[in-house]
Amino acid sequence: PPSTTRSERNPLTPVAAAFWWAGAIVGIIGLSAIGYAGCPIYWGSVSTAHLQKSIAIRAGLAMLLIGSFVAISAVLGG
């Protein structure tokens with residue numbers, strides 16, 4: 001008999017799927033911040049750009065790692 005919580009197309013439970021999507025979105029935002037930090041174009045002074053890009057690379061790495069962890073945990077646990 002078919003299951004009511006899972007399907008062949010989506011093997012994750014609804015809660016695990018929500019965590020997967022949340023992790024994927026956070027990871028994509030983090031990857032975008034890393035891309036911005038590597039972009040040679042800046043606005044304003046060099047010191048302002050350095051500060052913005054330093055924050056972007058640190059936040060981007062943290063978001064990519066956290067998002068990946070959440071998404072992988074959702075797949076393995078769900």
Side-chain angles (χ1 to χ4, degrees):
S3 174
T4 58
T5 58
R6 297 181 184 194
S7 68
E8 290 180 18
R9 189 169 172 210
N10 184 10
L12 296 176
T13 63
V15 173
F19 274 99
W20 185 89
W21 277 107
I25 291 169
V26 170
I28 289 169
I29 293 170
L31 190 59
S32 299
I34 293 170
Y36 166 76
C39 180
I41 299 171
Y42 60 89
W43 304 100
S45 67
V46 174
S47 62
T48 301
H50 177 71
L51 177 63
Q52 289 174 345
K53 291 183 184 275
S54 294
I55 292 170
I57 193 72
R58 290 181 182 125
L61 284 172
M63 291 176 76
L64 181 61
L65 290 173
I66 291 168
S68 298
F69 176 78
V70 169
I72 290 170
S73 296
V75 170
L76 294 177

Treating K53 as the side-chain partner and P40 as the backbone partner, does any N or O pair qualify as donor plus acceptor under 3.5 Å?
no
Going by atom type alone, with no hydrogens or angles, which donor-acceptor pairs under 3.5 Å involve a side-chain atom of residues 17-28 and a protein atom two or more places apart or on another chain?
none

Quick one: which residue pairs count as a side-chain hydrogen bond (donor to acceptor under 3.5 Å, both in side chains) with a foot in residues 23-41, not counting sequence neighbours?
Y36-Q52
Distance check, rounded to the nearest 0.5 Å: L31 atom CG versus L61 atom CG?
10.0 Å
Show every side-chain hydrogen bond (donor to acceptor under 3.5 Å, both in side chains) that has at least one partner inside residues 54-73, sequence neighbours left out.
none
For a quick test of reading the model, state the closest non-hydrogen atom pair linking A33 to G60 and the distance between them.
CB-CA, 3.8 Å
Would you say V70 and V15 are hydrophobically clustered, going by side-chain heavy atoms of ILVMFWY under 4.5 Å?
yes
For the student: nearest non-hydrogen atoms of V75 and L12, plus distance
CA-CD2, 4.0 Å
